[in-house]
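Notes follow the structure.
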Number of protein chains: 2
Amino acid sequence: MKPLTHPSIEDVTVEGLLHALSDPVRAAIYAGIAAADGALSCSSFLQVCDRAIPKSTLSQHFRALREAGLIRSERHGVEMRNTTRCAEIQQRFPGLIAAILSAHSVQAAERAKAARRKPAAAKSRTGVG
Amino acid sequence: MKPLTHPSIEDVTVEGLLHALSDPVRAAIYAGIAAADGALSCSSFLQVCDRAIPKSTLSQHFRALREAGLIRSERHGVEMRNTTRCAEIQQRFPGLIAAILSAHSVQAAERAKAARRKPAAAKSRTGVG
DNA sequence: TCTATAGTTCGTAAGTTACGAACTACCGAA
DNA sequence: TTCGGTAGTTCGTAACTTACGAACTATAGA
């Protein structure tokens with residue numbers, strides 16, 4: 001088990017951030033962490049989340065977010081505490097994260113609305129926002 | 001040769017936009033189109049761009065941008081006129097595109113600065129912004 | 001030490017991407 | 001019309017990435 005690696009804020013790239021957040025599961029995880037007022041663990045995300053996601057897949061998603069520089073993870077006893085690095089990213093790329101989260105929530109709202117109209121066709125929801 | 005397909009603005013997704021712009025070449029193309037005050041063709045992008053990109057690859061990138069809903073392409077004689085769909089996207093996801101382009105340009109500026117300090121280590125530039 | 005919980009790593013199958021070669025589409029000249 | 005050139009697309013393949021189950025490591029408590 002390698003020690004957790006976090007890029008320094010100067011090594012964070014826009015491509016990396018966008019790629020990390022272009023996956024609906026990762027966007028949902030990130031939004032979950034941002035919303036959780038302290039920190040969020042993998043397993044508590046699973047409880048919150050509507051879909052069943054395999055542990056290994058979830059672990060890779062958390063790693064992707066961590067390596068993109070979006071979150072900071074630290075072991076705390078048996079579980080992992082994940083917190084966002086919003087403040088640092090906001091300083092380097094002002095408005096970026098806020099705009100993305102806001103766009104995701106606009107979309108989640110639209111999808112929820114569409115699902116209310118025709119519930120049978122409710123396929124892939126992001127759960128972001 | 002299939003007729004060009006453009007998603008309607010309601011079918012544009014945040015994931016799709018982020019994924020499309022998470023590639024440095026596509027981000028550079030998009031920034032080029034946004035900057036070009038009328039429209040930009042594949043070949044004129046190649047002239048502007050600092051790297052040599054194979055035609056087929058470039059074609060796929062333009063298609064990716066088109067299918068993500070970021071640009072509108074129309075044949076005009078022998079060449080393609082590509083324009084951005086900023087206005088529509090701005091309406092649906094306010095601030096998103098602006099924040100991304102601005103972040104890319106922050107990063108491009110940093111890279112240019114770093115390259116000036118030690119020109120030998122200048123590796124991958126985005127050319128965005 | 002034994003058991004349970006939380007998360008990681010590995011191997012593999014499935015999906016995506018990049019690129020050259022061959023193609024289609026359009027224009028202008030002969 | 002036919003020829004030749006330019007602009008862009010499609011196809012096939014090799015390289016890369018991703019998802020998931022099985023097996024693993026790490027920590028806590030009985």
Side-chain angles (χ1 to χ4, degrees), chain A residues 1-6 13 15-29 32-33 36 38-49 51-68 71-83 124 126, chain B residues 1-6 13 15-29 32-33 36 38-49 51-68 71-83 124 126:
Chain A
M1 240 173 202
K2 296 158 193 160
L4 302 171
T5 59
H6 295 91
T13 65
E15 300 92 37
L17 295 177
L18 297 187
H19 180 247
L21 292 176
S22 72
D23 180 287
V25 174
R26 285 197 293 264
I29 293 173
I33 298 176
L40 195 75
S41 65
C42 285
S43 52
S44 38
F45 172 74
L46 259 188
Q47 288 165 0
V48 167
C49 168
R51 299 172 40 189
I53 299 166
K55 264 177 17 151
S56 58
T57 302
L58 203 58
S59 175
Q60 303 290 7
H61 283 315
F62 273 88
R63 184 158 73 95
L65 288 169
R66 186 161 61 238
E67 293 185 348
I71 66 175
R72 195 174 288 283
S73 316
E74 43 191 312
R75 244 178 196 288
H76 226 268
V78 78
E79 71 183 17
M80 210 69 148
R81 284 197 189 160
N82 298 285
T83 49
S124 63
T126 59
Chain B
M1 240 173 203
K2 295 157 194 160
L4 303 171
T5 60
H6 296 90
T13 65
E15 302 91 36
L17 296 177
L18 297 186
H19 180 248
L21 292 175
S22 72
D23 180 286
V25 173
R26 284 196 293 264
I29 294 173
I33 298 175
L40 196 74
S41 65
C42 285
S43 52
S44 38
F45 172 74
L46 259 187
Q47 289 167 359
V48 168
C49 169
R51 300 173 39 189
I53 300 166
K55 262 173 24 145
S56 59
T57 302
L58 204 57
S59 176
Q60 302 290 7
H61 283 316
F62 272 87
R63 183 158 74 96
L65 289 169
R66 188 161 58 238
E67 293 183 350
I71 66 175
R72 195 175 287 286
S73 318
E74 42 191 314
R75 265 217 125 83
H76 225 268
V78 77
E79 70 182 22
M80 210 69 147
R81 285 197 188 158
N82 298 285
T83 49
S124 64
T126 59

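Lettering follows sequence order; numbering is per chain, from 1. In what follows, every heavy atom counts, from backbone to side chain, and hydrogens, waters and symmetry copies are set aside.
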Separation of atom [atom1] in [X] from atom [atom2] in [N], rounded to whole Å:
X       : N      : atom1 : atom2 : value
A/His76 : C/dG7  : NE2   : P     : 13 Å
A/Phe45 : C/dG7  : CZ    : P     : 12 Å
A/Glu67 : D/dT18 : CD    : C1'   : 14 Å

Set of residues satisfying salt bridge (Lys or Arg N to Asp or Glu O under 4.0 Å) with respect to A/Glu67, sequence neighbours excluded: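 Residues passing salt bridge (Lys or Arg N to Asp or Glu O under 4.0 Å) with A/Glu67: A/Arg63.
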With sugar-phosphate taken as primed atoms, P, OP1 and OP2 and all else as base, the protein-contact string of nucleotides 1-9 of chain D at under 4.0 Å (heavy atoms; B, S, -) is -----BSBB
Those residues that, when tested against A/Thr83, pass side chain to side chain contact (heavy atoms under 4.5 Å, CB included) (two or more places apart):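 If we apply the side chain to side chain contact (heavy atoms under 4.5 Å, CB included) test to A/Thr83, skipping adjacent residues, the hits are A/Ala39, A/Arg72.
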Looking at side-chain heavy atoms only, is the closest gap between [X] and [Y] below 4.5 Å?
X       : Y       : result
A/Glu79 : A/Cys42 : no
A/Ile53 : A/Phe45 : yes
B/Leu58 : B/Ile29 : yes

Residue-phosphate contact under 4.0 Å: B/His19 side-chain N/O, C/dT17 OP1/OP2: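 The answer is yes; a side-chain N or O of B/His19 sits under 4.0 Å from OP1 or OP2.
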Please state whether the phosphate of C/dG7, meaning OP1 or OP2, lies under 4.0 angstrom from any side-chain nitrogen or oxygen of A/His61.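 No, because none of the side-chain N or O atoms of A/His61 sits under 4.0 Å from OP1 or OP2 of C/dG7.
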Backbone N or O of B/Ser73 within a donor-acceptor pair of the B/Asn82 side chain at under 3.5 Å?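 Pair absent, no side-chain N/O of B/Asn82 close to backbone of B/Ser73.
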